[in-house]
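Only a predicted model underlies this, so the values are computations on that prediction, with no experimental measurement involved.
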Amino acid sequence: MTGQRAAREPYTTRFETEVTSVDGRDVWLETSYFYGESGGQPADRGTIGGIEVADVRYEDGEHVHVLAEEPSFRVGKRVLCSIDWSFRMYCMRAHTASHVLYGAGRRLLEDLGYGGFDISEEKVRVDLETSTEIDDETLLELDTLVNRVVWESRPVTWDDIPVTDARERDDIAFNEATEEGAFQKGRLRIVTIGSEDDNGTANGLVRRDGGSSDPWDVAACGGTHVRNTREVGPVTVLGRSNPGKGLTRVELAVGPRAIDRRETEKRVALSSRRALGVSLEDVGDELARLDDERDELAAEVRSLRRELVETDLERAESFERDGLEWVATTVSEVDVNEAGEIASAVAGDVADVIVMAGGAESPYAVVAADGSCSAEAVIDDLTDEFGGGGGGSVALAKAGGFDATPAEIVASLTE
């Protein structure tokens with residue numbers, strides 16, 4: 001089982017062993033407690049014989065330790081190995097946090113499956129296969145459950161069982177494609193985060209799982225973990241994304257980065273409270289009220305703007321072209337879609353053909369006709385003259401990307 005000593009004894013960070021092979025910067029050891037990159041967890045850092053370890057990988061089930069420089073020691077030499085405890089512990093905390101998150105997901109999400117995970121120095125990502133939409137409210141629930149389980153000081157244990165037994169148990173979460181390191185010689189390594197009852201205390205918290213004595217999470221895993229959830233420390237769920245069909249990626253931070261994120265969120269919350277002049281508990285309601293008010297004002301502005309444009313069209317001087325009455329004018333603060341709606345509404349009442357040109361930075365034109373001519377044909381004439389592109393129907397057509405200003409477009413029709 002890849003990295004089994006590191007996984008079995010994750011708190012071992014100093015050991016002495018014999019060098020069994022050396023090939024340039026690649027070194028093989030008789031015994032190794034280094035964890036090699038596997039299953040989303042990065043390789044351990046540290047030193048062998050005082051030389052920095054740049055990488056640890058697995059080849060044919062053996063550790064290959066890649067040093068930062070070629071060593072002076074030779075085969076048969078006993079060397080002192082030291083694993084970077086700070087980074088090892090970070091990975092243990094982060095990996096355990098991912099299991100706690102998955103356990104929370106089991107209680108909140110439907111049809112949950114495991115899609116993989118990854119630890120980086122900045123954050124941890126867990127890919128979940130679920131039919132449940134993970135919205136902001138669900139993220140908050142996941143964050144609360146994760147930190148609750150950390151606070152409850154639940155035991156974390158690891159063992160291996162026959163693979164055949166594991167396949168018959170619905171409570172074990174594993175994905176053979178992502179957890180290759182958990183398998184060895186017909187046995188499967190499982191990591192269990194115990195129930196709250198295992199610790200004999202509820203720590204003064206209301207139990208969200210109805211008092212069940214079932215383990216919080218049982219999963220196949222070949223990584224390193226802490227012995228108790230309290231060692232995970234502060235955790236903050238950062239957000240979500242969609243890395244692929246049927247997957248939702250949940251990202252979290254552990255340790256100092258989680259604290260930094262909490263500080264940022266706290267500052268934003270307190271700043272919002274001061275700006276809105278309400279209590280922290282009422283910030284959400286006040287923001288919702290302001291959002292509704294903004295939408296109402298925006299709708300009112302659109303309505304007034306539309307009335308103004310329609311009034312301008314009614315007052316515009318019409319002209320005759322091809323035996324039809326035309327009105328052509330420039331407009332501002334109206335996008336091409338809104339202009340199309342307005343032109344369609346007044347075509348036939350104000351004039352047979354309505355032409356509106358706008359968009360100072362990216363000029364556009366809208367043509368609406370009452371059926372006496374083709375709006376699309378007018379647009380084709382404009383694009384032939386000024387470039388750009390567009391199209392539409394007999395009744396309404398639009399185009400953009402002109403090599404001309406809106407005023408020049410209108411002038412070309414009235415000349």
What verdict does the side chain to side chain donor-acceptor pair (under 3.5 Å) test give for D111 and S131, after you've listed the backbone C-alpha separation in whole Å, the side-chain angles of each residue and the deciding distance to 0.1 Å? CA-CA 6 Å; D111 308 317; S131 58; 2.8 Å; yes
With the threshold set at 4.0 Å, does a side-chain nitrogen-carboxylate oxygen contact exist between R289 and E296? no
Could you tell me whether R25 and D55 have a side-chain N and a carboxylate O separated by less than 4.0 Å? no
Heavy atoms only: give me the nearest Y364-A339 pair and the separation to one decimal. OH-CB, 3.8 Å
If you measure from OG1 on T138 to CG on L145, what distance do you get to the nearest 0.5 Å? 11.0 Å
Does some side-chain heavy atom of Y33 sit less than 4.5 Å from a side-chain heavy atom of T13? no
Interatomic distance, L413 atom CG to T329 atom OG1 [nearest 0.5 angstrom]: 11.5 Å
Report the C-alpha separation of I83 and F15 in whole Å, then their side-chain angles, then the decisive distance to 0.1 Å, and conclude whether the side chain to side chain contact (heavy atoms under 4.5 Å, CB included) test is met. CA-CA 9 Å; I83 295 169; F15 60 98; 4.1 Å; yes
Do any N or O atoms from the side chain of S32 and from the backbone of L29 form a donor-acceptor pair under 3.5 angstrom? no
Without swapping roles, check the side chain of H225 against the backbone of M92 for a donor-acceptor pair under 3.5 Å. no
Side-chain donor or acceptor of T20 paired with backbone N/O of W28 under 3.5 Å: yes
L308 and L304: CA distance, side-chain angles, deciding distance, side chain to side chain contact (heavy atoms under 4.5 Å, CB included) verdict: CA-CA 6 Å; L308 180 61; L304 292 172; over 6 Å; no
Mind checking whether F402 and F386 have parallel, tilted or perpendicular rings, split at 30° and 60°? perpendicular
More than 12 heavy atoms of other residues, nucleotides or ligands under 6.0 Å from CG of D384: is that the case? yes
Ignoring hydrogens and angles, tell me if any N or O in the side chain of Y11 forms a donor-acceptor pair with the backbone of R227 under 3.5 Å. yes
Would you mind reporting whether V56 and V64 have side-chain heavy atoms less than 4.5 Å apart? no
Non-hydrogen atoms of V366 and G340 that approach each other most closely: CG1-CA, 3.6 Å
Kindly confirm or rule out a cation-pi arrangement of R88 over Y35, judged by NZ or CZ under 6.0 Å from the six-membered ring centre and within 45° of its axis? no
Between Y58 (side chain) and G36 (backbone), is there a donor-acceptor pair under 3.5 Å? yes
We want to know whether R249 and S241 form a side-chain donor-acceptor pair, criterion being a heavy-atom distance below 3.5 angstrom. no
Are I409 and L382 side-chain neighbours, meaning at least one heavy-atom pair lies under 4.5 Å? yes
Could you tell me the separation between the OG atom of S120 and the CD atom of E122, rounded to the nearest 0.5 Å? 6.0 Å
Nearest non-hydrogen partners of A345 and E310, listed with the distance: CB-OE2, 4.5 Å
Atom pair CG/OG1 of L112 and T130 - distance to nearest 0.5 Å: 5.5 Å
Does CD in E16 sit with more than 12 non-hydrogen atoms of other residues, nucleotides or ligands closer than 6.0 Å? yes
Run the salt-bridge test on D260 and R257 with the 4.0 Å N-O cut-off and return the result as yes or no. no
Taking the six-membered ring where the residue is Trp, are the ring centres of H63 and F34 under 6.0 Å apart? no
If you compare all heavy atoms of R74 against all heavy atoms of P71, which two are closest, and at what distance to 0.1 Å? NH1-O, 3.3 Å
Is there side-chain contact between D160 and L188, with heavy atoms separated by less than 4.5 Å? no
Test W326 against V378 for side chain to side chain contact (heavy atoms under 4.5 Å, CB included), laying out the working first. CA-CA 12 Å; W326 290 53; V378 177; 3.7 Å; yes
For residues V367 and E376, determine if any side-chain heavy atom of one lies less than 4.5 Å from a side-chain heavy atom of the other. no
Pair D44, D84 - check side chain to side chain contact (heavy atoms under 4.5 Å, CB included), show working. CA-CA 7 Å; D44 277 328; D84 183 333; over 6 Å; no
A299 backbone acceptor or donor facing S303 side chain under 3.5 Å: no
Are the side chains of I190 and I161 in contact, using a 4.5 Å heavy-atom criterion? yes
For R14, I'd like to know if atom CZ has over 12 heavy atoms of other residues, nucleotides or ligands within 6.0 Å. no
Would E338 and R306 pass as an ion pair if we require N to O under 4.0 Å? no
Looking at R240 and I134, would you say the former's side chain and the latter's main chain have a donor-acceptor pair under 3.5 Å? yes
Ion pair D118/K123, N-O distance below 4.0 Å: no
Is it true that D26 and R57 make a salt bridge, defined as a side-chain N closer than 4.0 Å to a carboxylate O? yes
Within a strict 4.5 Å, meaning less than it, do heavy atoms of the T248 and N242 side chains meet? yes
Using a 4.5 Å cut-off on heavy atoms from C-beta on, say whether the side chain of C81 contacts that of T47. no
Can you tell me how far apart CG (L128) and CZ (R106) are? Round to the nearest 0.5 Å. 11.5 Å
Quick one: CD on Q41 to OG on S98, what's the gap to the nearest 0.5 Å? 9.0 Å
Can you name the closest pair of heavy atoms from V346 and L313 and give their distance? CG2-CD1, 3.8 Å
Taking K266 first and then E263, would you say they form a salt bridge - that is, a charged N and a carboxylate O separated by under 4.0 Å? no
Side-chain ion pair, D159 and R189, N-O less than 4.0 Å: no
Keeping N147 on the side-chain end and D143 on the backbone end, is there a donor-acceptor pair under 3.5 Å? yes
Check R125 with E251, please: is the shortest side-chain N to carboxylate O separation under 4.0 Å? no
For I379 versus A399, what's the shortest heavy-atom pair and its separation? CG2-CB, 3.7 Å
Please answer whether the main-chain N or O of P215 pairs with a side-chain N or O of S195 as donor and acceptor at a distance below 3.5 Å. no
Is R45 positioned over the aromatic face of W85, cation under 6.0 angstrom from the ring centre and no more than 45 degrees off axis? no
How far apart are the C-alpha atoms of R154 and T229, what are their side-chain angles, what is the distance that settles it, and do they pass the side chain to side chain donor-acceptor pair (under 3.5 Å) test? CA-CA 5 Å; R154 300 189 182 213; T229 58; over 6 Å; no
Sole residue of V191, V149, V126, V218 in side chain to side chain contact (heavy atoms under 4.5 Å, CB included) with H99: V191
Does T383 form a side chain to side chain donor-acceptor pair (under 3.5 Å) with D380? I'd like the steps, not just the answer. CA-CA 5 Å; T383 55; D380 289 342; 4.6 Å; no
State whether the side chain of E408 and the backbone N or O of T405 hold a donor-acceptor pair below 3.5 Å, judged by distance alone. yes
